[in-house]
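Okay, so here's the structure we're looking at.
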Amino acid sequence: MDFSAVSSALKAISDLTQEVTSLWGVDEQVEGLASELRWMQSFLKVADARKVDNELIRTSVVEIRELAYDAEDVIETFSLKVASKRKGGFSNCIKRSSCFLKEGCLLHQIKSEIEKITARIKELTRQLKTYDVSKLGVDGEGPSSSTERRVARRSYPHVMDDNIVGLDKDIKKLVPVLLNEQSECRVVSICGMGGLGKTTLAKKIYHESQVVGHFKHLAWVYVSQNCQERKVWEDILSDLNILSKADKKMKVEKLAEKLSSFLEKNKCLVILDDIWNTEAWDNLKPAFSAKETKSKILLTSRNKEIISHADKNGFLYELQCLNYEQSWELFQKTAIPPTNSPGYKIEAKMKELGEDMVKNCAGLPLAIIILGGILATKYPSLIEWLKVSANVKSYLNNDKGEVLRDVLALSYDDLPSYLRPCFLYLSYFPEDYEIPADRLIQLWVAEGIVSSKQEEGDEGQIAEDVAEGYLLELAERCMIQVRERDIATLKMSSFQMHDLMRDVCLSKAKQEKFLYIADQSTIGRVRRVSVHKFIRLQYIKSPRLRSLLLFDEFLPNEEQENILPLTMRSYYENHEDEFYNPLFWFMILLGFSMLNTKCRGIWKYMVNNFNFLRVLDYERGGDAGCKLPNDIGKLIHLRFLRLRDLSLSSSKLPSSLGNLRCLQTLDLRIKGEFSNSIHVPNLLWRMQQLRHLYLPQQCSRKTKLKLGTLKNLQRLVNFNTKNCYVKDLINMKNLRELEIRGPFNIEDFNTEELDKNPPIIQSKYLHSLSIINDEGTVVPRHLAHLLLSCENISKLSLDVEIRRLPEYHYLSLNLAYIKLRRCKLEEDPMPTLEKLPYLRMLELHEEAFTVKEMFCCGQAFAKLESLSLKGLNNLEEWKVGEEAMASLQRLEIQKCRQLKQLPDGLGFIATLQELKIESMPKTFKDKVEEGGEDFCKVRHVPSIIFQDCE
């Protein structure tokens, strides 16, 4: 059950009561409210522990949550509008004297609201006390969660695509069909019911070295039930690296023509994942109309009819369920944690239970993986497995379509109370959406769904660490599919939900009234709204709305066209070349004024009607009018404000932003329509709860920000010393990620201070540092001072001219990832970098250095797993010692056109699994290919890929 709302309200009351004077006037009411909420919290915990699940409890949980939200809103309003102004001593009293009447009215109003909420809670309490929850549910052990099992499980973080069984024969059958250029077959379809692994098989084929080497271009796009042909075509063009800004405004017919022409002239493989019906194919086929082409289409679908509809010569491949042996193998991979004990065997009774449960899964891979994820958290408790086995039998007594849905529902029912709201929150995101882990964690924390654990250890865990643990737990339970991991820390950076798991998520969220997915109908009293496709905000009639996530543009082109009269649009099209026509410019200004009025109306409705908003997230940006409204300062409850990619005519942000003192995440990466420089007023220092701050990519010359008060800041993006003060970094003792974009000069320190090596950063948590400067350079001495302060970083990215790499002792020994780009180093960096003991990934890109020779000698780079060399125009000779890079697995060489040959030392690297050579001279390719003089150095490498080496 969801305790987060009640816990969040009690935390707000606790924070307020820390200062007794703050409660003057409402102390009795607040204490009474807190007492009732504590009883509610206890009731929910008992009901959850007893696994009580009936209509009364479900209804009560929803009502309790609503009351808790109301309580938190009114308490926070009191805190922000009354209590905060009682601080400041005598001088503040003088300022407040003129506002006593207004404060008195507000105090009376808040007092009345608290009394009403308390009365409603007491009535609900009276009803619930008539039910003895101790007599509901069943007795038994709680879920197994010992530290040893949890640690063992997390030592091998579960990645969905790693648990693959039985696809080798499928790959062997499909790959030759795709590579056969003589066949008339242009479309290949993988069909089967949901959960069989169609997408997994398509992904394996997409990454197959034969496929990558055969096709010049590959593109992957999710289609899904809501097929939007323009979005699909744009995604394909983007994957093919030929999508321009002009294409986004191009007519849809022209877009299809461009894609069709490219596929006809080039050898491409396009994978269309999850097509639902023939209507979707009919909408998409104009872009795939080329007949004389070597390009192929691979699609996945649950509908066999599509392939015959798409291509009369098409190849239909029906994916089959796993046989028993494959099912048991997959079950063991997911349900039983790995062990190092030789000859280890599962206990006979547990094996019998497992075999029985696997039979009930009917060979469906997703069902087995989900069930295995549940059981893995309970291993090796036989009692817990018996409980799951009993439930599974009741869930799986239906046909195959029901089996899968019920197993997925079982995985939700097994979630502990703290994970349920986290899981339900995923229903916010559109189908097939790749969810960034960092952004989701920030949203969880902003909503109060996850909070810190101060009771654990001396310092406790901050909320983001707790949330990261929760996300990992969802992955371990196979309820989400990991897509990308951080290259240095290997932590999850993005993930997706299987569409069937998402269906369960949506169903549960609707059942528990957790959020509302907006359509074109009126939305009543709800707390959370997700807008996947543009709607008029006037449809939302919910004054207590807490969070609003918008995944479409602020005002899409289609809506802009609807605002302008048909005659005006017609005039634009017929006179677009008449730049010297005054009437043309008058019509342009008139249209601009009408669009601006519309945007202003959207902002006005939002700030006037959603006063309790805590989360406002614009996903796709877009034209948002002349300027950010000054009234945005009314949204004083905001914790999360993301304005990234919104385009505004005015480049000046309003001073009222300083009123948003509860903000934890602020993303100001907006775009100026007429100027790239954004002016940010010096008010961010007021937002002392900020944890994640994204400044504009380019601030105006007038911008000079004081950030020294932001002691809770964990992530700071687009910092520079032209618009900020370098000394402020010293106060950010919780900083974890720092991205510097633009100038970095230590001007705040005088020469005498610099000689004493003053620390620039004092955060012991900083793990990532990035410096980007497109124009100037960084003084080597200043860079050295900065790096000396970053003793714990594991990621370092330098995209700036530095000429000389700092000496080894300035670099963190924890560095696992380094990227050097445009550094123009005048010496070979390898003698310095090879000393880093934990370096796993190294990227040397465009003009990283200017020397002609590069040497890796002795036992250098012992832990290096991946090396990427791109755009090193001067590199002619590369030497590698026999014992160097002993752990290298992946090597990429691209656009190093002066490089004469591969180093002899590659022949001694037995671990090398993949060699990718791209955009290199044909003479270089000929040397490496079988029969060439360099082939003997890489004959042991399983995968050698050549691209664009003609």
Side-chain donor or acceptor of [X] paired with backbone N/O of [Y] under 3.5 Å:
{"X": "S295", "Y": "L269", "result": "no"}
{"X": "K304", "Y": "C191", "result": "no"}
{"X": "R483", "Y": "F495", "result": "no"}
{"X": "T300", "Y": "D274", "result": "yes"}
{"X": "H940", "Y": "I909", "result": "yes"}
{"X": "S289", "Y": "K285", "result": "no"}
{"X": "R186", "Y": "T293", "result": "yes"}
{"X": "Q326", "Y": "N323", "result": "yes"}
{"X": "Q320", "Y": "E318", "result": "yes"}
{"X": "N266", "Y": "F262", "result": "yes"}

- Check the angle between the aromatic planes of Y412 and F423 and answer parallel, tilted or perpendicular using the 30° and 60° thresholds. tilted

- Task: Evaluate the ring planes of Y222 and W220, with Trp represented by its six-membered ring, and classify them as parallel (under 30°), tilted (30 to 60°) or perpendicular (over 60°).
- Result: perpendicular

Which pair of heavy atoms, one from [X] and one from [Y], lies closest together, and at what distance?
{"X": "S260", "Y": "A290", "answer": "OG-N, 3.7 Å"}
{"X": "I374", "Y": "T377", "answer": "O-OG1, 2.7 Å"}
{"X": "L382", "Y": "K349", "answer": "CD1-CG, 3.6 Å"}
{"X": "R840", "Y": "L490", "answer": "NH2-CG, 4.0 Å"}
{"X": "L426", "Y": "M497", "answer": "CB-SD, 3.4 Å"}
{"X": "G354", "Y": "W328", "answer": "C-CZ3, 3.6 Å"}

What distance do [X] atom [atom1] and [Y] atom [atom2] have between them, rounded to the nearest 0.5 Å?
{"X": "C227", "Y": "L284", "atom1": "SG", "atom2": "CG", "answer": "4.0 Å"}
{"X": "C505", "Y": "I480", "atom1": "SG", "atom2": "CD1", "answer": "11.0 Å"}
{"X": "Q901", "Y": "L906", "atom1": "CD", "atom2": "CG", "answer": "10.5 Å"}
{"X": "I171", "Y": "L178", "atom1": "CD1", "atom2": "CG", "answer": "11.5 Å"}
{"X": "L472", "Y": "M492", "atom1": "CG", "atom2": "CE", "answer": "6.0 Å"}
{"X": "H207", "Y": "S943", "atom1": "NE2", "atom2": "OG", "answer": "12.0 Å"}

Does any donor atom in the side chain of [X] or [Y] lie under 3.5 Å from an acceptor atom in the other side chain?
{"X": "S494", "Y": "E434", "value": "yes"}
{"X": "E892", "Y": "S868", "value": "yes"}
{"X": "D486", "Y": "T489", "value": "yes"}
{"X": "D282", "Y": "H309", "value": "yes"}
{"X": "D273", "Y": "T199", "value": "yes"}

Validation row: [X], [Y] side chains within 4.5 angstrom (heavy atoms):
{"X": "V270", "Y": "L259", "result": "no"}
{"X": "V187", "Y": "F288", "result": "no"}
{"X": "I271", "Y": "L218", "result": "no"}
{"X": "P365", "Y": "L322", "result": "yes"}
{"X": "E181", "Y": "H214", "result": "yes"}
{"X": "K916", "Y": "I893", "result": "no"}
{"X": "K895", "Y": "K870", "result": "no"}
{"X": "I435", "Y": "Q496", "result": "no"}

- Item | Test applied, side-chain contact (heavy atoms from CB on, under 4.5 Å); reference residue, W281; option that passes from V223, D311, I275 | I275

- Let me see the working for D170 and K173 under salt bridge (Lys or Arg N to Asp or Glu O under 4.0 Å), right down to the final yes or no. CA-CA 5 Å; D170 305 303; K173 287 181 180 178; 5.9 Å; no

- Over-ring placement of K267 relative to F215, 6.0 Å and 45° cut-offs: no

- Message: Could you go through K172 and D168, starting from their C-alpha distance and side-chain angles, then the distance that decides it, and tell me whether this counts as salt bridge (Lys or Arg N to Asp or Glu O under 4.0 Å)?
- Response: CA-CA 6 Å; K172 287 178 181 177; D168 289 343; over 6 Å; no

- Message: Assess the residue pair I917 and Q947 against the criterion (side chain to side chain contact (heavy atoms under 4.5 Å, CB included)); give the C-alpha distance rounded to whole Å, side-chain angles, the decisive distance to 0.1 Å, and a yes or no.
- Response: CA-CA 6 Å; I917 296 174; Q947 281 190 352; over 6 Å; no

- Task: Please assess Y433 against F551 for the test ring pair (Phe, Tyr, Trp, His ring centres under 6.0 Å), listing each intermediate value before the final yes or no.
- Result: CA-CA 10 Å; Y433 187 90; F551 292 90; 5.4 Å; yes

- Message: Go through it in stages, so that I can follow the logic: the residues are E347 and K351, the test is salt bridge (Lys or Arg N to Asp or Glu O under 4.0 Å), and I'd like the CA-CA distance, side-chain angles, deciding distance and then a yes or no.
- Response: CA-CA 6 Å; E347 184 183 332; K351 183 178 180 183; over 6 Å; no

- Task: Evaluate the criterion side chain to side chain contact (heavy atoms under 4.5 Å, CB included) for residue pair L298 and I205; output intermediate values, then yes/no.
- Result: CA-CA 10 Å; L298 175 63; I205 292 171; 4.2 Å; yes

- Can you list the steps and then say if E234 with L255 is a side chain to side chain contact (heavy atoms under 4.5 Å, CB included)? CA-CA 8 Å; E234 285 183 354; L255 203 65; 3.7 Å; yes

Inspect the surroundings of [atom1] in [X] and state if more than 12 heavy atoms from other residues, nucleotides or ligands are less than 6.0 Å away.
{"X": "E355", "atom1": "CD", "result": "yes"}
{"X": "K925", "atom1": "NZ", "result": "yes"}
{"X": "K294", "atom1": "NZ", "result": "no"}

- Task: Could you walk me through whether E468 and K491 pass salt bridge (Lys or Arg N to Asp or Glu O under 4.0 Å), step by step?
- Result: CA-CA 9 Å; E468 190 179 303; K491 291 180 179 179; 3.2 Å; yes

- Task: Could you check E843 against Y817 for side chain to side chain contact (heavy atoms under 4.5 Å, CB included), going step by step and ending with a plain yes or no?
- Result: CA-CA 8 Å; E843 296 179 357; Y817 168 81; 3.1 Å; yes

